[in-house]
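Here the structure comes first, spelled out in structure tokens, and everything after it is commentary.
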Amino acid sequence: MPRISEAVKQDHAHIKTAYRRLREADPDTRKPDEFVWALDRYLMVEDLVVAPALDHHIAHGGERHRRLSDDFDSMNEKLRHMQQFSPAEPSFDSSLSAIWIDLEPHIREETSGDLNMLEENLSSSDSEALARRYEDIKELLQRPYGKDGVPDHRTLSAILEMPRQELMVKLGISGE
């Protein structure tokens, strides 16, 4: 079973790939849903699993949890903003770049700092248990859309607009 850091890094790689595909696609035919869903699903799962683990297991974890929450809120707001534009519009590219401006340092800080500190403070079995929880919640969110599917644009927009806690209640997921 993978450790929590490996599960998160795997999502980072998936998000980066979806971002590059979207960035490099023909503006008239590109579809942003894969990237939007990969990032939003990651933000939800990280908010429920990784942020509380940091809060509980590392010194100054509460401060990092607050910074992560700010990152999540900013990226979610930027995803909602980007959804307002057609992928062919220049404003779409500006919005996509704005998301990457937040996301790239978030991934770098998490990979080089947060996850290492978390792993240092967890036993292998605790790290693997967190990874299982991470993957279980991700699977629960993914299940309605199939293994590699994504919600349609309307559903994605509704997910992005709904307050995180309300969405978690509707899905039957607790933050504990």
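- Contact detail for L54 and D114: the closest heavy-atom pair is CD2-O, 3.7 Å.
- Between S127 and L122, the shortest heavy-atom distance links the atoms CA-CD1, 4.0 Å.
- Residue pairs meeting the ring-ring contact (aromatic ring centres under 6.0 Å, His included) criterion with at least one partner in residues 20-41, sequence neighbours excluded, are Y19-F35, W37-Y145.
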Under the side-chain contact (heavy atoms from CB on, under 4.5 Å) rule, what do M44 and K138 come out as? Steps first, then yes or no, please. CA-CA 9 Å; M44 285 187 271; K138 192 167 92 174; over 6 Å; no
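- Taking 4.5 Å as the limit, every side-chain heavy atom of R30 sits out of range of all side-chain heavy atoms of E24.
- Contact check for F92 versus P32: side-chain heavy atoms found under the 4.5 Å cut-off.
- Although no hydrogens or angles enter the test, the distance criterion places no donor-acceptor pair under 3.5 Å between the side chain of S91 and the main chain of F85.
- You'll find the side chain of D40 stays beyond 4.5 Å of the side chain of M75, heavy atoms only.
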Are L39 and L103 close enough, and set up right, to give a side-chain contact (heavy atoms from CB on, under 4.5 Å), and what steps lead you there? CA-CA 9 Å; L39 180 54; L103 184 58; 3.8 Å; yes
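- Applying the ring pair (Phe, Tyr, Trp, His ring centres under 6.0 Å) rule to H14 yields no partners; only residues at least two apart in sequence or on another chain are considered.
- Considering every non-hydrogen atom in both P2 and A131, the closest pair reads O-CB, 3.1 Å.
- Without hydrogens or angle criteria, T155 side chain to P151 main chain gives no donor-acceptor distance under 3.5 Å.
- For the pair Y134/E139, no side-chain contact is recorded, criterion being any heavy-atom separation below 4.5 Å from C-beta on.
- A distance of 5.5 Å separates CE of M82 from CG of L96, quoted to the nearest 0.5 Å.
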side-chain contact (heavy atoms from CB on, under 4.5 Å), that's the test. Do N76 and R80 meet it? Break it down for me. CA-CA 6 Å; N76 191 273; R80 287 196 320 262; 2.7 Å; yes
As a quick check of understanding, evaluate salt bridge (charged side-chain N to carboxylate O under 4.0 Å, His left out) for R67 and E109, giving each step before the final call. CA-CA 11 Å; R67 285 186 24 225; E109 288 173 21; 3.2 Å; yes
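- Taken to the nearest 0.5 Å, the OG atom of S5 stands 13.0 Å off from the CE atom of M117.
- Put simply, CG on D11 and NZ on K9 are 13.0 Å apart, with the number rounded to the nearest 0.5 Å.
- Side chain of S74 to main chain of D70: no donor-acceptor pair is present (N/O by atom type, distance under 3.5 Å, no hydrogens or angles).
- Checked against side-chain contact (heavy atoms from CB on, under 4.5 Å), D73 has no partners two or more places apart in sequence or in another chain.
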Step by step, work out the salt bridge (charged side-chain N to carboxylate O under 4.0 Å, His left out) result for E6 and R3. CA-CA 5 Å; E6 295 162 348; R3 298 176 64 94; 5.8 Å; no
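- A distance of 7.0 Å separates CG of L43 from CG of L79, quoted to the nearest 0.5 Å.
- Evaluation of the ring pair (Phe, Tyr, Trp, His ring centres under 6.0 Å) rule for H57 yields no partner, not counting sequence neighbours.
- For the pair E34 (side chain) and V150 (backbone), a donor-acceptor distance under 3.5 Å is absent.
- Between E135 and Q142, every side-chain heavy-atom pair lies at or beyond the 4.5 Å cut-off.
- Under the rule for a side-chain contact (heavy atoms from CB on, under 4.5 Å), the partners of S86 that lie at least two apart in sequence or sit in another chain are A88, E89.
- Rounded to the nearest 0.5 angstrom, H56 NE2 and D126 CG are separated by 10.0 Å.
- Looking only at distances, a side-chain donor or acceptor of N116 sits under 3.5 Å from a matching main-chain atom of S112.
- To the nearest 0.5 Å, atom CD of residue Q83 and atom OG of residue S95 are 10.0 Å apart.
- In this structure, the side chain of T111 engages the main chain of I107 through a donor-acceptor pair within 3.5 Å.
- Judged as a side-chain contact (heavy atoms from CB on, under 4.5 Å), and not counting sequence neighbours, K31 has no contacts.
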Please determine whether side-chain contact (heavy atoms from CB on, under 4.5 Å) holds for the pair L22 and V36, giving the CA-CA distance in whole Å, both sets of side-chain angles, and the decisive distance to 0.1 Å. CA-CA 10 Å; L22 181 58; V36 172; 5.9 Å; no
